[in-house]
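Written below as structure tokens is the structure these notes are about.
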Amino acid sequence: MTAEPADPDRTVLLDIYRRANLVYRADEKFRAMIGAGELQIIYYSPRGQEILSAALMAALQPDDYLVTTYRGIHDQLAKGIPPRELWAEFAGKKTGTCKGKGGPMHITHPKTGVMVTTGIVGSGMPIANGLALASQLAGDGRVTVVCFGDAASNIGAFHESLNMAQIWRLPVIFVCQNNLYGEHTPQAMSTGAAELIDRAPGYGIRAVQVNGNDAFAMHRAASEAVAHARAGHGPTFMEAKTFRFHGHLLGDDSHYIPKAEMQAARAADPIPAYRRALLERQFAAAELDAIDADIAAVIDEAAAHAMASGYPEAHELRLDVLETEIAA
Ligand SMILES: Cc1ncc(C[n+]2csc(CCOP(=O)(O)OP(=O)(O)O)c2C)c(N)n1
Ligand SMILES: [Mg+2]
């Protein structure tokens, strides 16, 4: 008989709770503000994928690298980007991570290891290999995580990157957040393989399939992949199953998702499920409520700060592009 794997330490469990609920609150606030006309942006809700990112990022060190996609607000917040700076960048304000000139598609914050956010599907993986190669050459012990979707696993760069990472034993973790849809197309219509993990053996790469909505399983799988990479053993391909509750972008009526599938996913909502799991482990409801209240205040303040900040000036347009600035 195999023993049940041990839970992470209680501080880690609370850390995951905090990160996941930070994403949850931020998303609620973004949707409320956009709905009220206070913010005019194209918005991609991470609702449903919060636990996956929170458990993944809690397994990393703060200076480990992350590359993610423009639907990656859950990854960015869970990795540690200060909500104020993230919010301001979403709103195009000069107090943002990229001084308001990158916007939601290009969130970058090297101080918290968020090195690249890209809108080009599948393009993050070769970049992650480059970051991991730099760490390997420098011997700095960092691990690079790259997040992407199920549909991105059909892009050529995915296949080239897995192959190269394995040849060079790069300290990189390829995290495929399989939410079963790419834009408005179900996985089965775009992908020959029924299970994405089945693509990995062709490259000889270590591979693991996990329920990304299960914080315990996700944190365990991520910790093992991190330990493998840090020990110099090379990359992991991780297929983390999840679901998105608001379709591809806000305003999407999700008509292409069978109603029963959506209902089942919502009934298994990972946010309340994780809270229940913590209560079953004798965490006090009051302690979790206090974290929720603190997060709500942090998000409200971040949003107010962003809205009160100014836009970049016209003369700043060509600054921050090259190391040596071009005179305006
Ligand atoms: C190279 C490229 N092709 C197409 C698009 C348009 N596009 C944006 S998101 C998307 C689907 C992405 O799906 P998936 O990889 O599953 O990620 P998810 O959004 O579900 O997390 C597509 C085709 C793009 N941005 N880049
Ligand atoms: Mg997808």
Side-chain angles (χ1 to χ4, degrees), residues 20 23-24 26-27 30-31 41-57 66-79 90 102-107 114 116-128 145-162 173-200 209-213 218 237-258 261-262 264-266 268 270:
V23 177
Y24 173 80
D27 176 63
F30 267 122
R31 284 189 286 111
I41 55 172
I42 298 174
Y43 182 69
Y44 307 88
S45 171
R47 197 64 267 283
Q49 299 186 213
E50 304 90 339
I51 287 289
L52 190 164
S53 300
L56 170 64
M57 304 310 168
L66 172 69
V67 176
T68 187
T69 78
Y70 71 95
R71 292 193 76 252
I73 187 173
H74 46 318
D75 297 334
Q76 294 148 1
L77 282 171
K79 182 67 173 69
F90 267 67
M105 290 247 173
H106 304 286
I107 300 286
V114 182
V116 186
T117 293
T118 166
I120 310 298
V121 171
S123 67
M125 291 169 265
I127 298 171
V145 167
V146 53
C147 293
F148 52 92
D150 40 288
S153 73
N154 295 317
I155 297 277
F158 164 87
H159 300 273
E160 296 174 27
S161 300
L162 262 64
I173 306 172
F174 299 95
V175 179
C176 178
Q177 301 191 10
N178 184 358
N179 58 19
L180 308 177
Y181 290 83
E183 282 197 329
H184 312 110
T185 307
Q187 187 190 309
M189 279 179 70
S190 67
T191 310
E195 301 293 334
L196 300 183
I197 190 176
D198 291 341
R199 298 182 151 187
Q209 190 179 50
V210 62
N211 176 359
N213 289 352
M218 185 66 203
F237 170 68
M238 185 184 298
E239 180 190 359
K241 304 256 194 187
T242 186
F243 205 75
R244 29 156 242 207
F245 293 174
H246 293 289
H248 177 63
L249 80 173
L250 198 62
D252 176 345
D253 66 5
S254 300
H255 65 274
Y256 52 90
I257 300 179
E261 185 179 26
M262 181 64 92
R266 287 181 178 233

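First listed ligand is number 1; within each ligand, the first listed atom is number 1. What you see below is based on every heavy atom in this structure, not just the backbone, and it leaves out hydrogens, waters and symmetry mates.
- The immediate protein surroundings of ligand 1, defined as residues with any heavy atom under 4.0 Å of it, consist of Tyr70, Arg71, Gly119, Ile120, Val121, Gly149, Asp150, Ala151, Ala152, Asn179, Tyr181, Gly182, Glu183, His248.
- With no hydrogens or angles considered, a side-chain donor-acceptor pair links Asn178 and Glu239 at under 3.5 Å.
- Thr242 and Asn213 share a donor-acceptor pair across their side chains, judged by distance under 3.5 Å alone.
- The residues Arg71 and Glu183 are annotated as not salt-bridged, no charged nitrogen and carboxylate oxygen being separated by less than 4.0 angstrom.
- Residue contacts to the Mg ion (ligand 2): Gln187 brings no N, O or S atom closer than 2.8 Å.
- When distances to the Mg ion (ligand 2) are checked against a cut-off of 2.8 Å, Asn178 contributes no N, O or S atom below that limit.
- Classified by interplanar angle (parallel below 30°, tilted 30° to 60°, perpendicular above 60°), the ring pair Tyr70/Tyr44 is perpendicular.
- For the pair Thr191 (side chain) and Ala193 (backbone), a donor-acceptor distance under 3.5 Å is absent.
- In summary, the side chains of Gln76 and Thr68 do not present any donor paired with an acceptor at a separation below 3.5 Å, with no hydrogens or angles considered.
- Gln177 and Asp75 share a donor-acceptor pair across their side chains, judged by distance under 3.5 Å alone.
- For the pair OD1 of Asn179 and O of Tyr181, the angle whose vertex sits at the Mg ion (ligand 2) is 80° to 10 degrees.
- Side-chain contact check for Ser153 and Arg199: at least one donor-acceptor pair (N or O, by modelled atom type) lies under 3.5 Å.
- Distances from the Mg ion (ligand 2) to each N, O or S atom of Asp150 single out OD1 as the nearest.
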